[in-house]
Amino acid sequence: MPDSLTQAGLGTLASAVRRRLKHVVGARLAPYDLTIQQFWVMLVLLEQGASSLHPLAQQVWMDDPTASRVVKAMVERGLLRTEADPKHGRRILISLTPSALPLAQELKALATGIKTGLVAGLDADQQALMRAGMMAMITNLDGMLAGLPAAIQDEAAAS
């Protein structure tokens with residue numbers, strides 16, 4: 001680990017973890033020709049089933065316009081399908097295509113491997129402490145956003 005990180009603040013370390021995680025996931029996805037956003041969309045739909053756009057966007061930490069573009073590209077590629085929600089006249093349901101299910105299962109195994117590698121060497125108590133600390137930091141940052149205009153809050157929440 002570079003000396004600069006050994007004494008780094010928590011915000012810097014959180015950024016370093018995010019950056020490295022993004023690089024690891026991106027490198028693992030290269031053979032699949034998928035973006036990280038497409039990867040998360042497939043995993044959420046595999047685990048939770050069909051979804052309308054807004055809840056899907058929230059699950060993958062995207063704003064609605066970005067999620068819409070990601071879904072459109074995946075529909076064009078044959079990975080996702082859209083259909084009218086029978087319970088709601090104006091809502092569209094997004095789901096994996098049957099032909100995308102084997103890929104989604106493979107990606108789930110890839111994600112499991114990444115998650116396991118990420119916490120290697122940390123026991124359950126250490127993981128719980130880190131989770132609690134990170135959740136506290138997220139809550140603190142959300143509180144800092146509370147006084148800002150709604151457009152800035154929406155942009156921050158999506159990134």
Side-chain angles (χ1 to χ4, degrees), residues 10-88 90-142 145 153-159:
L10 294 178
T12 301
L13 289 173
S15 293
V17 169
R18 182 178 188 266
R19 229 179 356 265
R20 283 178 172 76
L21 182 57
K22 199 172 175 182
H23 288 304
V24 167
V25 174
R28 298 286 197 294
L29 291 177
Y32 300 98
D33 192 29
L34 290 172
T35 67
I36 293 172
Q37 293 167 320
Q38 291 170 334
F39 171 68
W40 292 120
V41 166
M42 290 190 74
L43 290 179
V44 166
L45 292 173
L46 177 67
E47 292 174 5
Q48 299 180 8
S51 175
S52 61
L53 183 69
H54 184 69
L56 177 61
Q58 289 181 316
Q59 286 290 310
V60 294
W61 297 86
M62 284 185 237
D63 59 30
D64 288 358
T66 301
S68 179
R69 287 189 298 274
V70 169
V71 166
K72 181 179 180 197
M74 294 176 77
V75 167
E76 290 171 358
R77 192 168 160 187
L79 297 171
L80 303 181
R81 65 178 174 205
T82 57
E83 57 192 348
D85 184 344
K87 298 177 186 171
H88 190 286
R90 296 175 56 200
R91 187 173 298 152
I92 300 295
L93 287 178
I94 303 157
S95 59
L96 294 167
T97 61
S99 62
L101 285 175
L103 172 59
Q105 291 290 349
E106 193 172 332
L107 294 174
K108 182 178 179 182
L110 180 98
T112 299
I114 292 169
K115 289 175 186 176
T116 300
L118 181 66
V119 298
L122 299 173
D123 65 31
D125 290 339
Q126 290 171 314
Q127 290 179 44
L129 282 171
M130 289 186 72
R131 185 175 291 107
M134 286 190 239
M135 291 303 298
M137 290 169 61
I138 290 168
T139 299
N140 293 341
L141 292 167
D142 286 347
L145 281 174
Q153 289 181 38
D154 291 345
E155 184 179 314
S159 57

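Owing to the predicted nature of the structure, the values given are computational and were not obtained by experimental measurement.
Annotation: the span from M135 atom CE to T139 atom OG1 amounts to 5.5 Å, rounded to 0.5 Å. To the nearest 0.5 Å, atoms OG (S95) and CG (L79) are separated by 11.5 Å. To the nearest 0.5 Å, atoms CE (M74) and CZ (R81) are separated by 13.5 Å.
V17 is linked by a side chain to side chain contact (heavy atoms under 4.5 Å, CB included) to nothing, counting only residues two or more places apart in sequence or in another chain. Applying the side chain to side chain contact (heavy atoms under 4.5 Å, CB included) rule to A16 yields the partners L5, R19, R20; only residues at least two apart in sequence or on another chain are considered. With sequence neighbours left out, the side chain to side chain donor-acceptor pair (under 3.5 Å) criterion links T97 to S99. In terms of the side chain to side chain contact (heavy atoms under 4.5 Å, CB included) criterion, residue partners of I36 (sequence neighbours excluded) are, by chain and number, K22, V25, L29, W40. Checked against side chain to side chain donor-acceptor pair (under 3.5 Å), Q105 has no partners two or more places apart in sequence or in another chain. Checked against side chain to side chain donor-acceptor pair (under 3.5 Å), E106 has the following partners two or more places apart in sequence or in another chain: Y32. Listed by chain and number, the residues in a side chain to side chain donor-acceptor pair (under 3.5 Å) with R91 amount to none (sequence neighbours excluded).
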Which pairs of donor and acceptor atoms, one on a side chain in residues 42-52, lie under 3.5 Å apart (sequence neighbours left out)?
unit_1	atom_1	unit_2	atom_2	d
Q48	NE2	Q59	OE1	3.2
S51	OG	L56	N	3.4

For residues 107-122, please give each side-chain donor-acceptor pair under 3.5 Å, one per line with the distance, not counting sequence neighbours.
unit_1	atom_1	unit_2	atom_2	d
T112	OG1	K108	O	3.0
T116	OG1	T112	O	2.9

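Counting only residues at least two apart or in different chains, side chain to side chain donor-acceptor pair (under 3.5 Å) contacts with residues 125-134 are absent. Listed by first and then second residue, the side chain to side chain donor-acceptor pair (under 3.5 Å) pairs involving residues 65-79 are D63-T66, T66-R69 (not counting sequence neighbours).
Of the candidates V70, L80, I94, V75 forms a side-chain contact (heavy atoms from CB on, under 4.5 Å) with just one, namely L80.
Other residues, nucleotides and ligands place no more than 12 heavy atoms under 6.0 Å from the CE atom of M130.
Between L96 and A104, the shortest heavy-atom distance links the atoms CD1-CB, 3.8 Å.
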